[in-house]
Amino acid sequence: MVGGLFPLGGPVEAEDLVGREAFITSLVSRLSEGQSVMLAGPRRIGKTSLAHEVLRRTKERGAYTAAVDLFRFSGKRDFATNFIDACLENRTGIRKTLSVLGDRTKALTGGVQFAIKLHDLEISLGFPERKSDDELLDYALRLPGILTERDDKSMVIMFDEFQDASRVMDREIFKRMRAHFQTQKRVAYLFLGSKEGMMRVLFSGKEEAFYRFAIMLPIPRIDEEEWVPYIAKKFASRGVAASDSAVREIVRLSGGHPQDTMFICSEVYYTLLETGAAALTHDYVLLGYQRALLALAPVFDEILDDLSNRPQARIVLDHLAAGENVYEEGVHPNKIKRAIDYLITKAVIERTARGSYVFVEPMFQQYILKELQ
Ligand SMILES: Nc1ncnc2c1ncn2[C@@H]1O[C@H](COP(=O)(O)OP(=O)(O)O)[C@@H](O)[C@H]1O
Ligand SMILES: [Mg+2]
């Protein structure tokens with residue numbers, strides 16, 4: 001659900017995209033130069049939001065764009081059709097070009113014109129039905145190359161939840177994609193994925209289809225100094241005076257995690273609405289925070305349940321939450337290392353540049369600490 005004063009749960013619009021300016025600028029220029037990029041990071045840290053903005057700006061510069069979310073498709077045909085539609089929309093301005101072409105009534109009114117518009121792309125009425133799934137897929141993967149050559153355009157294509165391509169289709173799909181993509185001189189790809197481990201293997205494993213195809217960039221944290229003016233402005237837009245220190249307290253409690261910060265803000269806001277208060281004080285921040293933590297409890301409990309058959313991972317997690325050394329006397333370091341790796345794979349913790357480990361969601365850390373008390 002996106003909406004409300006502080007949007008939550010899906011990609012946000014440009015005006016709610018906090019602290020991504022420098023990163024977006026860098027992505028836009030890399031992609032415009034033809035460099036493909038891979039971004040891997042846990043769910044709910046804002047990958048899709050920033051990618052949409054990157055595409056919007058690339059389009060503004062005159063390039064073609066297309067975005068598909070691999071999480072959504074049921075198979076080759078479904079993917080191929082949607083991918084072709086996303087590419088053709090650049091020419092026709094119509095989201096579902098293929099279904100317009102296939103629909104007889106629409107074909108009589110407007111479809112023929114599309115057929116003409118698309119004539120040079122070997123697309124005619126009823127085209128998709130006549131092809132086998134594999135033929136359609138190959139056509140789809142070839143299309144960006146053909147389209148950009150014919151129209152003398154450059155193009156940026158975004159694949160969201162890219163690792164899911166092998167679930168939707170099969171592992172062969174990566175080889176097939178690469179075979180086509182590497183011949184496309186004017187197309188740059190932006191790959192997003194929330195399964196970091198899988199993404200990393202796919203793009204850095206020597207035997208993998210996408211080995212060195214894209215540069216892997218870390219997704220920067222959103223700085224407190226970026227959050228503070230945004231949050232203050234949002235509250236002010238509803239007539240709520242928010243003190244600088246109360247706003248900072250929100251960011252401190254969320255650790256700056258994108259969705260959790262928005263979530264606390266949102267809960268604080270609804271608490272204010274309920275009581276009719278017009279000023280944001282520390283008490284309200286704490287109330288909103290507690291509500292947010294309560295609402296997140298089922299999510300956190302599920303992660304902890306998953307760890308019930310991984311006792312060592314749970315022990316390590318508790319130590320990390322308490323800020324203690326994870327290595328213990330009497331436990332082999334390898335065993336602890338494996339537990340840490342497992343927690344990283346599950347996107348519960350991440351390794352910092354300095355080699356220490358931190359919680360992806362600082363609120364989860366708080367949750368565990370409360371449980372330990
Ligand atoms: N840059 C940002 N500024 C503000 N909120 C953000 C930002 N990025 C993400 N969010 C919050 O996180 C939620 C999920 O964002 P989304 O882009 O769908 O993440 P992902 O694709 O990584 O799962 C959004 O609905 C919003 O509440
Ligand atoms: Mg996403």
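Quick note: residue numbers are just sequence positions, from 1.
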Check your understanding: Stepwise, does the salt bridge (charged side-chain N to carboxylate O under 4.0 Å, His left out) test hold for Asp134 with Arg77?
Key -> CA-CA 8 Å; Asp134 280 308; Arg77 197 171 195 86; over 6 Å; no
Output all residues satisfying ring-ring contact (aromatic ring centres under 6.0 Å, His included) with [X], sequence neighbours left out; order by chain, then residue number.
X: Tyr342; value: none
X: Phe300; value: Phe364, Tyr367
X: Phe174; value: Phe162

Practice item. Output all residues satisfying side chain to side chain donor-acceptor pair (under 3.5 Å) with Thr58, sequence neighbours left out; order by chain, then residue number. Key: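 Not a single residue meets the side chain to side chain donor-acceptor pair (under 3.5 Å) criterion with Thr58.
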Taking the side chain as every heavy atom from C-beta outward, state whether [X] and [Y] have any atom pair closer than 4.5 Å.
X: Val12; Y: Val18; value: no
X: Asp133; Y: Leu137; value: no
X: Cys265; Y: Val247; value: no
X: Lys76; Y: Asp170; value: yes
X: His319; Y: Ile315; value: yes

Output the distance between atom [atom1] ([X]) and atom [atom2] ([Y]), rounded to the nearest 0.5 Å.
X: Leu39; Y: Met199; atom1: CG; atom2: CE; result: 8.0 Å
X: Leu320; Y: Ile368; atom1: CG; atom2: CD1; result: 9.0 Å
X: Leu307; Y: Arg310; atom1: CG; atom2: CZ; result: 8.5 Å
X: His282; Y: Ile250; atom1: NE2; atom2: CD1; result: 9.5 Å
X: Asn82; Y: Leu98; atom1: CG; atom2: CG; result: 9.0 Å
X: Leu253; Y: Gln290; atom1: CG; atom2: CD; result: 9.5 Å

Mark yes or no for whether [X], through its side chain, and [Y], through its backbone, hold a donor-acceptor pair below 3.5 Å.
X: Glu267; Y: Ile264; value: no
X: Lys47; Y: Pro42; value: yes
X: Thr275; Y: Thr271; value: yes
X: Gln365; Y: Ala321; value: yes
X: Ser356; Y: Thr352; value: no
X: Gln163; Y: Ser194; value: yes
X: Thr65; Y: Lys59; value: no
X: Asp78; Y: Gly75; value: no

Where is the tightest heavy-atom contact between [X] and [Y], given as atom of each residue plus distance?
X: Leu293; Y: Met363; result: CD1-O, 3.6 Å
X: Ala140; Y: Ile84; result: CB-CG1, 3.6 Å
X: Thr97; Y: Asp85; result: N-OD1, 3.1 Å
X: Gly9; Y: Gln259; result: N-OE1, 3.3 Å
X: Leu190; Y: Ala51; result: CD2-CB, 3.9 Å
X: Val268; Y: Tyr284; result: CG2-O, 3.8 Å

Exercise for review: Sequence neighbours left out, what pairs pass ring pair (Phe, Tyr, Trp, His ring centres under 6.0 Å) with at least one residue falling in residues 217-251?
Suggested key: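 Qualifying pairs: Phe6-Phe235.
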Point to revise | ring pair (Phe, Tyr, Trp, His ring centres under 6.0 Å) partners of residues 27-76, not counting sequence neighbours, each pair once | key: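 Counting only pairs at least two positions apart or across chains, the ring pair (Phe, Tyr, Trp, His ring centres under 6.0 Å) contacts touching residues 27-76 are Phe73-Phe79.
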Point to revise | Side-chain H-bond candidate by donor/acceptor type, Ser254 with Tyr289, under 3.5 Å | key: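 Short answer, no.
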Sequence neighbours excluded and cut-off under 3.5 Å, please list the side-chain donor-acceptor pairs for residues 200-217, or say none.
from: Arg200; atom 1: NH2; to: Glu196; atom 2: OE1; distance (Å): 3.1
from: Ser204; atom 1: OG; to: Arg200; atom 2: O; distance (Å): 2.5
from: Glu208; atom 1: OE1; to: Arg171; atom 2: NH2; distance (Å): 2.6

**Study point:** Carboxylate-amine/guanidinium proximity below 4.0 Å for Asp16 and Lys234
**Key:**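 Salt bridge present between Asp16 and Lys234.
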Exercise for review: Decide, yes or no, whether a salt bridge links Arg314 with Glu371 under the criterion of side-chain N to carboxylate O below 4.0 Å.
Suggested key: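 A salt bridge links Arg314 with Glu371.
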Contacts under 3.5 angstrom, residues 143-150 side chains, donor-acceptor by atom type, not counting sequence neighbours:
from: Thr148; atom 1: OG1; to: Pro144; atom 2: O; distance (Å): 2.7
from: Thr148; atom 1: OG1; to: Gly145; atom 2: O; distance (Å): 3.0
from: Arg150; atom 1: NH1; to: Asp120; atom 2: O; distance (Å): 2.2

Point to revise | Pairs where residues 339-348 contributes a residue and the test salt bridge (charged side-chain N to carboxylate O under 4.0 Å, His left out) is met, not counting sequence neighbours | key: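 For residues 339-348: Lys337-Asp341.
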Review point. Applying salt bridge (charged side-chain N to carboxylate O under 4.0 Å, His left out), which residue pairs with at least one partner in residues 20-40 are found, sequence neighbours left out?
Key: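 Those involving residues 20-40 are Glu21-Arg57.
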Check your understanding: If two hydrophobic side chains count as joined below 4.5 Å and joins carry through other members, does Val316 share a cluster with Tyr327?
Key ->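 In one cluster: yes.
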Check your understanding: Met155 and Asn90: side chain to side chain contact (heavy atoms under 4.5 Å, CB included), yes or no, with the steps?
Key -> CA-CA 10 Å; Met155 184 167 188; Asn90 287 286; 3.8 Å; yes
Point to revise | Arg167, CZ atom: more than 12 neighbouring heavy atoms under 6.0 Å | key: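 Buried by this count: over 12 neighbours within 6.0 Å.
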Review point. What do you reckon, is CD of Glu225 surrounded by more than 12 foreign heavy atoms closer than 6.0 Å?
Key: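 Yes.
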Exercise for review: Not counting sequence neighbours, which residues clear side-chain contact (heavy atoms from CB on, under 4.5 Å) with Val331? List them please.
Suggested key: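 Once residues adjacent in sequence are excluded, the partners of Val331 under the side-chain contact (heavy atoms from CB on, under 4.5 Å) criterion are Gln312, Glu328, Lys335, Ile336.
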Review point. Pick one: which of Val187, Leu31, Leu55 meets side chain to side chain contact (heavy atoms under 4.5 Å, CB included) with Ile157?
Key: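 So the option named by the test is Val187.
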Exercise for review: Walk me through it: do Glu135 and Ser132 pass the test side chain to side chain contact (heavy atoms under 4.5 Å, CB included)?
Suggested key: CA-CA 5 Å; Glu135 283 172 333; Ser132 74; 3.4 Å; yes
Exercise for review: Go through the steps to decide whether Leu121 and Arg91 satisfy the test side chain to side chain contact (heavy atoms under 4.5 Å, CB included), and finish with yes or no.
Suggested key: CA-CA 11 Å; Leu121 302 175; Arg91 242 201 215 186; 3.7 Å; yes
Exercise for review: Only pairs at least two apart or in different chains count here, so list each side-chain hydrogen bond (donor to acceptor under 3.5 Å, both in side chains) that has a residue in residues 180-193.
Suggested key: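 Listed once each, the pairs are Asp138-His180, Asp152-Arg186, Arg178-Gln182, Gln184-Tyr189.
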Practice item. Apply side chain to side chain contact (heavy atoms under 4.5 Å, CB included) to the pair Phe159 and Leu70, showing each step before the final yes or no. Key: CA-CA 7 Å; Phe159 286 113; Leu70 271 310; 3.4 Å; yes
